[in-house]
Amino acid sequence: MAGVASRRAAEELIVAGEVKVNGNVVTDLATKVHTINDTVTVNGKRASVAYNLIYILLHKPKDYITTVRDEKGRRTVMQLVNVRERIYPVGRLDRNTSGVLLLTNDGDLANKLMHPSSEVIKSYHVTLDKSLDEAHAQKLVNGVYLEDGKTAPCELDIIPGTKAKNVVLHIHEGKNRQVRRMFESLGYEIEKLHRTEYAGLTLSGLGRGRWRFLNEKEVKGLRRVAGLLTN
Ligand code: URA
């Protein structure tokens, strides 16, 4: 892939002890090299592979889990996205939550987006088992007490014509199962949870289980949110 030799000739170079990984000679052809973290040299010269950074927006359906691999054999979001690059999800959505999920192999951007200091805005359409009381709505906006601390102030819109059973919650934190726990703390059950927005990205017509690459402008927007771009 680095354009040094054909696969066959590369194997000969390896067996002949001409190839080092992170400064150590390797002769085992099964040695795995990670293109981002490992340095490969051939006859003392660095062999570099152009590494393709990719950014994907997936409309996660219910009943898929947000993990790269599941030892119990359940369906994972990775099965919906067939690309050659080794990508992983940015944060997680519960098995029964649907909606916007980003996947990338850009570890730097992913870590920055997941870090609390980035305060990435996430919006969730919540369908409740009963109408949301006005006083409870105010409590959610001001912050509620969960076992791992009080939630930060957030925004809440009640969807007209739904008897306050459907609301949109905009939060910038990412505590585990945060939205479900916020409503449960006030005695509500969530019947349906759907993430409509992540850092300004929406599904806009992307069908359930479908995915697309982000365009350059969208990636730039994410880099800005993550504090990796200043202008
Ligand atoms: N909050 C939750 O409770 N579940 C999710 O999947 C995402 C946010």
Side-chain angles (χ1 to χ4, degrees), residues 55 57-60 62 65-66 77 89-104 106 108-204 206 214 217-231:
Y55 306 87
L57 189 154
L58 168 70
H59 181 162
K60 178 195 175 296
K62 264 177 62 173
I65 60 170
T66 309
V77 292
V90 180
R92 52 170 64 227
L93 288 178
D94 300 337
R95 183 175 180 184
N96 280 331
T97 304
S98 57
V100 178
L101 184 66
L102 284 186
L103 300 110
T104 184
D106 185 340
D108 192 26
L109 179 65
N111 288 333
K112 292 255 164 40
L113 288 172
M114 287 188 278
H115 195 275
S117 64
S118 292
E119 299 199 345
V120 171
I121 306 237
K122 292 144 239 172
S123 302
Y124 295 89
H125 184 142
V126 186
T127 307
L128 297 167
D129 60 336
K130 55 182 183 241
S131 302
L132 181 63
D133 183 270
E134 253 186 66
H136 286 154
Q138 199 53 50
K139 276 192 176 164
L140 290 163
V141 167
N142 293 340
V144 289
Y145 290 92
L146 304 178
E147 60 190 14
D148 47 353
K150 191 181 179 196
T151 59
C154 65
E155 288 180 29
L156 182 126
D157 301 317
I158 291 177
I159 299 181
T162 67
K163 301 197 176 76
K165 275 180 81 179
N166 280 258
V167 303
V168 179
L169 190 72
H170 312 273
I171 60 172
H172 60 72
E173 296 173 291
K175 294 181 194 287
N176 190 29
R177 296 185 70 251
Q178 178 163 342
V179 180
R180 289 181 202 275
R181 290 192 295 133
M182 285 174 78
F183 283 91
E184 281 164 9
S185 76
L186 298 171
Y188 297 83
E189 284 299 323
I190 289 186
E191 288 181 346
K192 227 163 109 187
L193 187 57
H194 178 76
R195 182 152 75 186
T196 55
E197 194 164 331
Y198 181 94
L201 296 168
T202 64
L203 292 169
S204 54
L206 195 64
L214 296 187
K217 198 169 154 218
E218 290 168 326
V219 175
K220 217 167 161 187
L222 286 180
R223 298 183 73 78
R224 185 166 292 116
V225 169
L228 294 168
L229 267 190
T230 45
N231 57 351

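Computation of the quantities below employed the complete heavy-atom set of this structure, encompassing side-chain atoms and omitting hydrogens, waters and symmetry-equivalent molecules. These numbers were taken from a predicted model, which means no experiment stands behind them.
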For Ala226, all residues meeting side-chain contact (heavy atoms from CB on, under 4.5 Å), sequence neighbours excluded:
Leu109, Lys112, Leu113, Leu228
Leu103 and Leu58: side-chain contact (heavy atoms from CB on, under 4.5 Å), yes or no, with the steps?
CA-CA 8 Å; Leu103 300 110; Leu58 168 70; 3.7 Å; yes
Heavy-atom closest contact (Leu201 atom, Leu102 atom, distance):
CD1-CD2, 3.8 Å
Residues in side chain to side chain donor-acceptor pair (under 3.5 Å) contact with Arg181, at least two apart in sequence or another chain
Asp148
Which residues share a salt bridge (Lys or Arg N to Asp or Glu O under 4.0 Å) with Glu184, sequence neighbours left out:
Arg177
Arg195 CZ to Asp94 CG distance, which is reported to the nearest 0.5 Å
10.0 Å
What ring-ring contact (aromatic ring centres under 6.0 Å, His included) pairs are there with at least one residue in residues 114-135, not counting sequence neighbours?
none
Pair Lys220-Leu229, side-chain contact (heavy atoms from CB on, under 4.5 Å): steps then yes or no:
CA-CA 8 Å; Lys220 217 167 161 187; Leu229 267 190; 3.3 Å; yes
Using the test side-chain contact (heavy atoms from CB on, under 4.5 Å), find all partners of Asn96 that sit at least two apart in sequence or belong to another chain.
Lys62, Asp63, Arg180
How close do Gly99 and Leu93 get, heavy atom to heavy atom, and via which atoms?
O-CD1, 4.1 Å
Would you name the heavy atoms of Lys60 and Thr66 that are closest together and state the gap between them?
CE-OG1, 3.7 Å
Partner set under side-chain contact (heavy atoms from CB on, under 4.5 Å) for Ser98, not counting sequence neighbours:
His194
Other residues, nucleotides and ligands only: do more than 12 of their heavy atoms fall within 6.0 Å of NZ on Lys130?
yes
Under 3.5 Å, side chain of Ser131 to main-chain N/O of Lys163, donor-acceptor pair present?
yes
Residues that Glu197 engages under salt bridge (Lys or Arg N to Asp or Glu O under 4.0 Å), provided they are two or more places apart
none
Residue set satisfying side chain to side chain donor-acceptor pair (under 3.5 Å) with Thr127, at least two apart, ordered chain then number -> Asn166
Candidate pair Leu169 and Ser123, rule side-chain contact (heavy atoms from CB on, under 4.5 Å), full reasoning:
CA-CA 6 Å; Leu169 190 72; Ser123 302; over 6 Å; no
Rounded to the nearest 0.5 Å, what separates atom CG in Leu132 from atom CG in Leu140?
6.0 Å
Got a second to check how far Lys192's NZ is from Leu128's CG, nearest 0.5 Å?
12.5 Å
What residue pairs, at least two apart or across chains, pass ring-ring contact (aromatic ring centres under 6.0 Å, His included) with a residue in residues 157-188?
His136-Tyr188
Using the test side chain to side chain donor-acceptor pair (under 3.5 Å), find all partners of Asn176 that sit at least two apart in sequence or belong to another chain.
none
Would you call Leu146 and Ser185 a side-chain contact if the rule is heavy atoms closer than 4.5 Å?
yes
Shortest non-hydrogen separation from Val77 to Pro89 and the atoms involved
CG2-CG, 4.2 Å
By salt bridge (Lys or Arg N to Asp or Glu O under 4.0 Å), which residues pair with Arg223, not counting sequence neighbours?
Asp106
What pairs with Glu173 under side-chain contact (heavy atoms from CB on, under 4.5 Å), at least two apart in sequence or on another chain?
Thr151, Ala152, Lys175, Gln178
Smallest separation among heavy atoms of Ile158 and Leu156, with atom names
CG1-CD2, 3.9 Å
Please step through side-chain contact (heavy atoms from CB on, under 4.5 Å) for the pair Leu203 and Thr196, ending with a clear verdict.
CA-CA 7 Å; Leu203 292 169; Thr196 55; over 6 Å; no
